[in-house]
Structure formats: C-alpha cells, structure tokens
Amino acid sequence: MEVFAEKFADLKILRFAVPGFEALDLKKKMYIYHLSQAALCGRDILWDQNNRFNLRIRAVLETIWKTFKGNRESDQFKSFEVYLKRVWFSNGIHHHYSTEKIPAGFPETYFNELVAQSDWYGFKVKSGQSFEAFIIEIEEVIFNPEKESKRVNLDPKDDLVASSANNYYQNVTQREAEVFYAELKAPAGAEPVSFGLNSTLVKEDGRLIEQVWKLDGKYGKAIEQIVSWLEKAANYAENDLQKKYIGHLIEYYTTGDLALFDQYSIDWVKELEGDVDFVNGFIEVYGDPLGIKGSWESIVNYKDKEATKRATILSENAQWFEDHSPVAPEFKKATVKGVSAKVINVAILAGDCYPATPIGINLPNAEWIREKHGSKSVTIENITQAYFLDSMNNGMLEEFAGSVEEIQRAKQFGYLAGNLHTDLHECLGHGSGKVLEGVSTENLKNYYSTIEETRADLFALYYMLDDQMMKLGLLPSVEAAKAEYDTYLRNGLMTQLTRIEPGKDIEESHMRNRQLIARWVYEAGKAQNVVEFVCSEEKTYVRINDYQVLRELFGQLLKEIQRIKSEGDFDAAKQLVENFAVKVDRQLHEEILTRFKKLDLAPYSGFLNPVYELKTYSCGTPVDVLISYDEEYSDQMLRYGSEYGFLIN
Ligand code: ZN
C-alpha cells in the first residue's frame, strides 16, 4: 500500500494501513464492519453543522463534476476541481483549520458557464424555490466574501455567535445563548449533563428553543441509519459492558436525553477488556465559539497487541527505571507505578475525524466524569505510522540530515525509536520523581509545562541508550537509539523552526522543551565537541560526535530539571527556559526556512479510508470482511455522498 495518494492546494491526502485486520477473527471483523457503517452514516450531520449551505453546495458541485459537458481539460475546470476537492476535505466551504471561507479560485462567470453546461435532470431544490433562485443563492454564498465568511469567529470584539457561519445557532445573539445556557446550568449541581451539546438553538416567534438532534428530531434521517447499524453491531460485541453502552448510546440517539449520554460515557470509560472500541456521537466543541455544541464524529479502532506489549513491559519495570535514574535519591519515588497505555489502530475515520484526523484520543470531555470515573487516552499507531512513512519520503530527511548513515538509520529505526521515546515519556517520564512537601506546579508558574515536558523527554532520552532497552527486547540495537538522538537534536536545533514565522520566538511548550534540551547539551558539550554544527555547501547540519557522552549530558540535565521541579525553584526554571528555549538563532532560522520552502510541502494532511466489503454465503451468513486500499480520493468522496447522503433534501 502506498501512503501518499495525492496533493492539491495546501493539502495532502494519505492512506493508512490497518495492520492485522485480516488476522482478526470473524466476529471482531463483523463488529468493526458494522461499527464502520454506523460511522459513515453520520457524515451529512457534520456538513450541515459546519454551515447551513454546505449540503446544497456539495450537491451542486458534485452534479457539475459528474455531468459538465464543456472542456474538462481547461485550466478553469482544473481550478473548479481543486475547489471541489478542498470543499470535500473541509466537510464544507470553510477551511478545516483556519475556518475561513475557501476562495473558489475561478471567476463567477465561469461558475455560470459550469451550471449552464451541466445536466440538472432530477436535481431537487428546496420546495417552493425555483432552480434559478436556488443557484443565485448558492452563488452568492460561494463568491461574496462578506457572506458566511468565517465558520468559527473568536474575535472578542464581535458577537461570536452572530458572526460565526456555523449552523449551531439560528437568529440568536451571543448574549441570548449565554444566558440561556447559564440558566440551565445553574441548578444542575455537581454532575451536570453537557447542556446544549446535541441541539441547534433557534429563536422562533421571539422564543429560544432547542432543536434536538435525535431520531425523531433534527438530523433524524441520518441518526436512524446510525442507530440501525449500531443495533446490528451490538450482536457482535465482545462483552456485556460493550453491549450495555451501545444500548445506552442508541437510547440517547433515540431520545436526545443527555443523561443517557453520560451513562454511556461512564460505561465506555470502564470497558477495558475488549479489543475493539469506538467513538460515535456529538463530541468535540471546537466548532462552536461558545464551546457548547458538539460536532459529530466517529472512529472505530482495535488494540495493537504488539505495541501494547511494549508499553506494558515499560510499566511493569517502572521501579527499575526509577531506581536507576540519575536523579538525586531524595527526589526519587520509593514506589512508582507506570501508566499502562493502550496502543490502537483505527479501522475507519468519520465525521469530524475525516479526512483530517487527530493522532490520539482523550475522552470523555465531561470534567466530572473524568474526575470520578477516569478517561481513556490512546495514541493511534497506524496514523502516526502513516505520517512517519510519509515524512521519510517528502525530502525533509535528505535535506536536513547530515550524512548518508544518518538517513539510513532514520529510515531503518526512526519509527520504532520514536515510538519508544513516546512510550518512555508517557508511561514512565511524567510519573517519575517526587516533589518536596508544600511544592506544587504553581511554584514554577508559566514555566511549569515547559519544565515538565523537558523532564519527561529527558527521562526518555537518557534511557534510550541504556543496555536495559535491549535486555527487555525493546530495541534491536544501539543504532536505533542513535537514530533517536539524531532526530531529536536535528529537530530541536533546526527543523522544528520551520513552524516558526520569521522574527518570532518560540512559544509552544513542547517546542520550547525540545530546544531547551538540544541547546543545553550543545553548549554543555562544546569543550568536548560532543555535538557540532557543520557547514557544507552553505547548508548547516547537526553532527553528533559522541553518543555516550551525549547520553551523560541528558542525565545531568535530567538531574537538574528534577531538582527544579522537586524544589519548585522558579528562578532556575526561568533561567534555563529564557536562556535556551525561547530565542531563535535568526540567521540559522532564515536558512532553514529557505531550504524548507524549496521542498514545497503541503502544511495539512488528511486520510482516505480503506474499503470494507462484507462477503456472505448465498443464504446471507457472513464468510469474511475484506479490506482494500485502492479507492481514489474523488471516488471515495463521491461514493460517500451517494451512499451516505441521508440529509440531502
Ligand atoms: Zn508530555
């Protein structure tokens, strides 16, 4: 399977592999298959949530794309194609990331030509509206920059609700919405439902009412399909708790009762035995400037047994790592418990997770459920793997790595070593060490998160080159550890600067923490020439001359960072962060940006789904679920539009 599928505008389309799917038993495959169908059925909900014109505009653009009889090879038609692909990608007319309206990229007169030379036979418009009036309305939305200009407006000078083009509120002001939900929340007590999460707030005859998204309410036609697939999926559930929470989810979709959604979430958090898991519902609230309304999303996933084993080994040996760390004895934990992390692969992405997708899941969002019942936090292995594979082929490595050996090491071991770094960071790093009595995170104030991330990263880096890694079977050779050191310093000293605008400093705490470590070891090892910048043909590279001494430097810094955290030493934290983490070497930065620009990489990526096909005997009994990866981007989008277009008309 080829990871890269295609590139247009500022977007890149990739594919993810679903490793081990074929080897799953039939029952699990059937469970995944039915949950995947339930996932795809909600697509139109998100489109409508994003903007009230989205579904109609999609119908118009797809009809043109399918039936236009004019010259399909012209530059203008190509521009139209790119526009349609961008709209597909963003699940609507606004950029998925900036939320600004996507410019059409071709003149309005050409749009009229497209309409005139396409086939509208059987095309339905809103009842009572003529086709001409309909097209004029759509055209205005696409081409008038004033109309529906931004999906989520966060400018505090404006009325956030009235000025945002999302479809969560109709004829409602920000003030009205805020008062409405404050009044609902006030008497709710310590375990409030997520008021407003699953409804559109509408003003009708001067009164505010919620149009609830449920089976016999708004979005009912799509929800009916979701429910029907969930009912079938429940027959293949792995245990009773899964059956139970699917039941609650169906009831919630049927009634719209948010207390049932909380019930579902609590059982979902508790269910840890099964291999297959899923999210399906109104979840994240980023699409609403008030953070109340949940955009519809779904993913289906299953446990990656091999990768989970890796995290489990670390967790089981947590005490050994704590005892052997270079940290001062008084700052070590007498008994330490590793966090056992689950590593998963996704089988399908849908709604607000498609095609642009998160690389991890951390749910539920309700604060009181998290506190009382916990949460599930996972990284998605096959998505991070696809990103890694793509990054190995996009030219970045060849441009910035200093030698052929470094490139080879990265290609051979980079993925494994990177994952192990993440596991060490998450399963052991954050949980290690102890703070003195009376010291809290507040002592370090605004430097806390940078210091904490630095600490977890150093824990990982220090142990990466430890013999114990090979003894535990976690690393195949020292070369793999070297690959991680190469990558870490190359990134911390150079490549991460591609994300910083010229003249700006580093703000984000993970980026600060990486530069802090890389700059500190560079300076500390200068006398021994442990790490150096080398110049070749006017290009700068990072070279590591002594990996063992570098490891000792990581250990030294870890010891100091742990002391700072344990004692709450604000001044020392400030010194380190301000001296090493914030300022950017302007000349180097400029050089890196120039080299990066030449690579012409797309800043955003998204994923195509694999295709699942159910094989049955003639009597209907299932034989197998087949998976394939060869569907093209446009084909997948058009197929989803026709097979899962439940809300059009
Ligand atoms: Zn962290």
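Positions are given from 1, in the same order as the sequence printed here. Just follow the structure's listing: the first ligand is 1, and inside any ligand the first atom is 1.
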*Kindly write out the residues that satisfy ring pair (Phe, Tyr, Trp, His ring centres under 6.0 Å) with His430, not counting sequence neighbours, or none if the list is empty.*
His425
*With the Zn ion (ligand 1) as the centre, enumerate protein N/O/S atoms below 2.8 Å in chain and residue order.*
His425 NE2, His430 NE2, Glu453 OE1
*Can you find a pair of side-chain heavy atoms, one from Val577 and one from Arg512, that are under 4.5 Å apart?*
yes
*Would Lys445 count as a cation-pi partner of Phe570, with NZ or CZ less than 6.0 Å from the six-membered ring centre and within 45° of the ring normal?*
yes
*Taking side-chain contact (heavy atoms from CB on, under 4.5 Å) as the test, write out the residues that go with Gln556, two or more places apart.*
Trp520, Leu553
*Can you name the residues that form a ring pair (Phe, Tyr, Trp, His ring centres under 6.0 Å) with His324, not counting sequence neighbours?*
Trp320
*If you measure from the Lys or Arg side-chain nitrogens to the Asp or Glu carboxylate oxygens, is any gap between Glu406 and Arg409 under 4.0 Å?*
no
